[in-house]
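The next block holds one structure in the form of structure tokens; read it before the comments.
In what follows, every heavy atom counts, from backbone to side chain, and hydrogens, waters and symmetry copies are set aside. Residues take their numbers from the sequence shown, with the count starting at 1.
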Amino acid sequence: MNEFSKLVSNKWISAKLLDAYVYSKSKQGIYAIGLVHKNQVAGLPKNWEWVYVGISENIKTRIKQHQPDKERKPGLRKWLYNNLNKAQIYYQYTDVSEKNLRLIETSFIRSLKPTFNILKKNKTKRRRK
């Protein structure tokens with residue numbers, strides 16, 4: 001089983017963002033923040049307003065950093081305050097290698113198009129002949 005398959009086959013844990021860091025563990029993982037609109041497909045909500053997707057070596061610490069009073073990104077901080085009691089987080093722990101976890105995060109960002117994620121462009125310069 002490849003690393004992506006392991007991640008997809010794991011169960012997602014969901015909680016209100018304000019409560020999540022209390023229950024989460026200090027383990028590596030991936031997470032997604034947004035608003036859920038019921039219907040589910042393959043364990044993730046089908047209708048969801050995704051705002052941020054991320055990875056972390058320590059999910060507990062990272063979720064704590066996404067609390068509205070600690071969030072560093074001004075746009076996301078404003079969104080979190082506006083959706084204080086509705087913001088949800090889905091996360092899962094994984095032992096996927098860091099390199100593959102970054103690739104998976106990029107894949108999630110490309111497919112979910114969260115509002116506050118920015119994909120870094122490949123900055124390789126082409127040489128002129």
What's the shortest heavy-atom distance between [X] and [Y], and which atoms?
X	Y	answer
P114	Y52	CB-N, 3.6 Å
Y31	I59	CD2-CD1, 4.0 Å
R72	R62	NH2-NH1, 4.3 Å

So, the side chain of [X] versus the backbone of [Y]: is there a donor-acceptor pair under 3.5 Å, distance only?
X	Y	answer
Q28	V96	yes
K16	Q88	no
K60	K25	no

[atom1]-[atom2] distance between [X] and [Y], expressed to the nearest 0.5 angstrom:
X	Y	atom1	atom2	answer
I30	L101	CD1	CG	5.5 Å
I89	I63	CD1	CD1	4.0 Å
N117	T106	CG	OG1	9.5 Å
R102	N100	CZ	CG	11.5 Å

Same cluster or not: are [X] and [Y] linked, directly or through other Ile, Leu, Val, Met, Phe, Trp or Tyr residues, by side-chain heavy atoms under 4.5 angstrom apart?
X	Y	answer
L18	L76	no
Y91	Y21	yes
V51	L35	yes
I118	L103	no

Would you indicate whether the side-chain heavy atoms of [Y] and [X] approach each other to under 4.5 Å?
X	Y	value
P68	L84	yes
Y93	I13	yes
E49	W79	yes

W12 vs Y90 aromatic rings, parallel, tilted or perpendicular, using cut-offs 30° and 60°?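 Answer is tilted, since the angle falls between 30° and 60°.
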With a cut-off of 6.0 Å (strictly less than), are more than 12 heavy atoms of other residues, nucleotides or ligands near CD of Q65?
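For Q65, atom CD is crowded (more than 12 foreign heavy atoms under 6.0 Å).
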